[in-house]
Q: 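If you scroll down you'll find the structure; I have some questions about it.
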Amino acid sequence: MLSIATWNVNSIRVRQAHVRTWLQTHAPDVLCIQETKATDDQFPAAAFEEIGYHASFAGQKTYNGVALLSREPLGAVEAGFFGDPEPAQSRVIAGTLGVAGVRVVNVYVPNGSEVGSAKYAYKLEWLAAFRRFLESRHDPSEPLVVLGDFNIAPEDRDVHDPAAWQGQILCSEPEREALGAIQTWGLTDLLRQHEVRGGLYTWWDYRAASFRRNTGLRIDLILATAPLVPRSTEVAIDREPRGLEQPSDHAPVVARFA
DNA sequence: ATGGCTGCTTTGAGCAGA
């Protein structure tokens, strides 16, 4: 039994207590977090060590930042990825779960701002570079999990109002094709192994009472290679922390493996 | 149609997020 989770926390310093409580309640083997918005010297590692979690982190000032919180120290921890077009942006951290031999790659994909903008072009370039990294450094026959905030809703059933979002950032065809190319390499969206329904979201805008009205998107994904797909027993989106005081705008997602 | 909320920043209006 193995469980691996992802959560965009939107500032680890603000969300520290939420994350601690969630870890104590759910006890995943690894929690991948994104948007820590903290430099490495600011990262509150002791708060997690106190409750039995080892922290590996790669941060920068103000923006981005990723971390791995794990019950056991991870092997071969690497920040960034080979071929990263802008290594100064802290968007990837990876480590290996020793017992299971599972490589865990935690990603914070660029948001892209607006279709047609310079940031959008960078998002597509980043996704292509990440696919080349997978090809050059990994093999689809290895047990590999790639998870995090992809900032892409894979299909219309992952969007509360597909007509309104059609062609918009997070939903545009080029973004979906870039994600599709990563999946074609050999990664499966595990939630869709268990669930065909729409209306399952991981992010709700802070504005316009989006969570209460459930006007969300599913943009936080857990992808895995073929050896892990038959071992996938469950993928759960935990909406509970989104309803707390001062929440992250994203919900945690957990995958369990036999 | 717009902006709606939140976090951060050599602190306070502007950027970025999604």
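Quick caveat, the model's predicted, so the values are computed rather than measured. Proteins get letters first, then strands, A, B, ... in listed order; numbering begins at 1 in each. In what follows, every heavy atom counts, from backbone to side chain, and hydrogens, waters and symmetry copies are set aside.
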Q: Side chains of A:Val107 and A:Arg91: does their closest heavy-atom pair fall under 4.5 Å?
A: no
Q: Using the C1' atom as the point on both nucleotides, what is the distance between B:dT10 and B:dG14, in whole Å?
A: 15 Å
Q: Looking at B:dG7, I'd like to know if its phosphate oxygens (OP1 or OP2) sit under 4.0 Å from a side-chain N or O belonging to A:Gln246.
A: yes
Q: Sticking with atom P, work out how far B:dG4 lies from B:dC15, rounded to a whole angstrom.
A: 14 Å
Q: How many whole angstroms separate atom CZ of A:Arg212 from atom C1' of B:dC5?
A: 15 Å
Q: Please name all residues satisfying side-chain contact (heavy atoms from CB on, under 4.5 Å) with A:Phe133, sequence neighbours left out, ordered by chain then number.
A: A:Phe81, A:Phe82, A:Phe130, A:Arg137, A:His138
Q: Can you tell me, in whole Å, how much space there is between the P of B:dA1 and that of B:dA13?
A: 31 Å
Q: Hey, what else clusters with A:Phe48 if you join Ile, Leu, Val, Met, Phe, Trp, Tyr whenever side-chain heavy atoms sit under 4.5 Å?
A: A:Trp7, A:Val9, A:Ile12, A:Val19, A:Trp22, A:Leu23, A:Leu31, A:Ile33, A:Phe43, A:Ile51, A:Tyr53, A:Phe57, A:Leu69, A:Val254
Q: Roughly how many Å apart are B:dC8 and B:dG12, using the C1' atom of each and rounding to a whole number?
A: 11 Å
Q: Please give the remaining members of the hydrophobic cluster of A:Leu190, linking ILVMFWY side chains under 4.5 Å, ordered by chain and number.
A: A:Leu2, A:Ile4, A:Val30, A:Val66, A:Leu68, A:Leu74, A:Val77, A:Ile93, A:Leu97, A:Val102, A:Val104, A:Tyr108, A:Val145, A:Leu147, A:Leu191, A:Leu200, A:Ile222, A:Leu228, A:Val229, A:Val235, A:Ile237, A:Val253, A:Phe257
Q: Can you sort out the partners of A:Glu78 under salt bridge (Lys or Arg N to Asp or Glu O under 4.0 Å), two or more places apart, ordered by chain and number?
A: A:Arg103
Q: Just to verify, what does A:Arg231 make a salt bridge (Lys or Arg N to Asp or Glu O under 4.0 Å) with, not counting sequence neighbours?
A: none
Q: Provide the distance between the two C1' atoms, one in B:dT11 and one in B:dG7, to the nearest whole Å.
A: 14 Å
Q: How would you summarise protein contacts on nucleotides 8-18 of chain B per nucleotide, using B for base, S for sugar-phosphate only and - for none, with heavy-atom distances below 4.0 Å?
A: SSS-----SBB
